[in-house]
There are 2 protein chains.
Amino acid sequence: MISKTCGYAIRGIVFLALEQNKHRKHGILEIAEDLQIPQHFLGKILQDLVRRGIINSIKGPHGGFFVNAKTIDTPLIEVVEAIDGLGIFKKCFLGREECSSTNPCPLHDEFDGCRSAIFKTFENLKIADLVTKIDNGDSYLSLNKEFATEI
Amino acid sequence: MISKTCGYAIRGIVFLALEQNKHRKHGILEIAEDLQIPQHFLGKILQDLVRRGIINSIKGPHGGFFVNAKTIDTPLIEVVEAIDGLGIFKKCFLGREECSSTNPCPLHDEFDGCRSAIFKTFENLKIADLVTKIDNGDSYLSLNKEFATEI
DNA sequence: ATAAAAAAAGAGTCTTTTATCTTTATTTAA
DNA sequence: TTAAATAAAGATAAAAGACTCTTTTTTTAT
């Protein structure tokens, strides 16, 4: 559905949002190790998010990435749009160039419900909601056993 | 969701199933032109489906691809499994190595319903069902204007 | 037998996505 | 005012997916 890159972006933002109370910045190396995402690749993704104003960063010693007030209120769809674009919600299931209710493929109607359910979920969920889930111990950002069991 | 290749496979099979009444075989060039799929690429996909017994083929003059009795009764999930594998239904939305109800990512539960809805649809739908939709003029395999309007 | 038609197979290319490595720019603190 | 820390940028590479081209094999019909 969404690209791996986009998943990395969301996890990166949520990681920063989780740590926002500590009022400190996080270096790319720390974030990447914690989330087990290739460092430089994640770096580029976060830089992209900074350019788009979704997160912030400061260079130099004691610099790093951090969230701003707006960040935690950002709907996921905004991140998806920034990284993958909204086109992903219009792709034909059977690989035709176009697919719409006026010229549907034989799977169009079958999956249209799912498609819009997913879209709406991304519209409704905010970064804050994912933070809550993780704070509650209902879900995890990384697979690290320590993370999963340190409750 | 499913790969472009898998979509091509389904469209190829349905094309052949649609023509089954005419009791004739179809050359790869004809199929590819009709469906607007790269010829040699589709050729390999169909050859794969022949090896797996989902469709049939005969070489030589007047040869080509054609469906057998079993083909139209094939559930779509069987094609998806043959081409993409069932692993696609287990991939983590956020790109983690694993994702399950015991160690879920923050989107796991949100989308689990959709995931299994899609799986079940592929399980329940058979090639015959897609043929019916097209025969009824409810949907189309190719975008060709003539196809879309020749009613 | 031979030529032609067609699938099958092999090998290679192009594109996109994902990932790595290196250098540069900025900032801070000593 | 220099060294160190850090993000930013640039360039390259590796992997996967999608696609192309060429040759081989099989079959049919003449």
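The figures that follow rest on heavy atoms only: side chains count, while hydrogens, waters and symmetry mates do not. Chain naming here is simple, since letters A, B, ... match the order of the sequence lines and numbering starts at 1 in each.
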Tell me what A:G43 touches on the nucleic acid: a base, only sugar-phosphate, or nothing, going by heavy atoms under 4.0 Å. nothing
Considering residues at least two apart in sequence or located in another chain, which fulfil the ring pair (Phe, Tyr, Trp, His ring centres under 6.0 Å) criterion with A:F111? A:F93, B:F122
State which of D:dT20, D:dA7, C:dT20 makes the closest approach to the side chain of A:F41. C:dT20
Once you round it to whole Å, what is the distance between P of D:dA18 and CG of B:L42? 13 Å
Phosphate OP1/OP2 of C:dA7 contacted by B:R51 side-chain N/O (<4.0 Å): no
Atom NZ of A:K4 and atom C1' of C:dA19: how far apart are they, to the nearest Å? 10 Å
Per-nucleotide protein contact string for nucleotides 21-30 of chain D (B base, S sugar-phosphate only, - none; heavy atom under 4.0 Å): BB--BBBBS-
Backbone N or O of B:G64 within a donor-acceptor pair of the B:S57 side chain at under 3.5 Å? no
Side-chain contact check for A:S3: nearest option of D:dC19, D:dA7, C:dT18 is C:dT18
Return yes when atom CD of A:E123 has more than 12 non-hydrogen atoms of other residues, nucleotides or ligands closer than 6.0 Å, and no otherwise. yes
For a quick check of understanding: with a heavy-atom distance under 4.0 Å over all strands, which category does B:I28 fall into, base, sugar-phosphate or nothing? sugar-phosphate
Check whether any side-chain nitrogen or oxygen of B:Y8 sits under 4.0 Å from OP1 or OP2 of D:dA18, and answer yes or no. no
Carboxylate-amine/guanidinium proximity below 4.0 Å for A:K126 and A:D73: yes
Phosphate contact (C:dT18 OP1 or OP2) by A:T5 side-chain N/O below 4.0 Å: yes
With sequence neighbours left out, what residues match B:F89 under ring pair (Phe, Tyr, Trp, His ring centres under 6.0 Å)? B:F119
OP1 or OP2 of D:dA8 sitting under 4.0 Å from any side-chain N/O of A:S57? yes
For B:K70 and B:E78, what are the C-alpha separation, side-chain angles and deciding distance, and is it a salt bridge (Lys or Arg N to Asp or Glu O under 4.0 Å)? CA-CA 12 Å; B:K70 226 185 61 187; B:E78 214 170 288; 5.3 Å; no
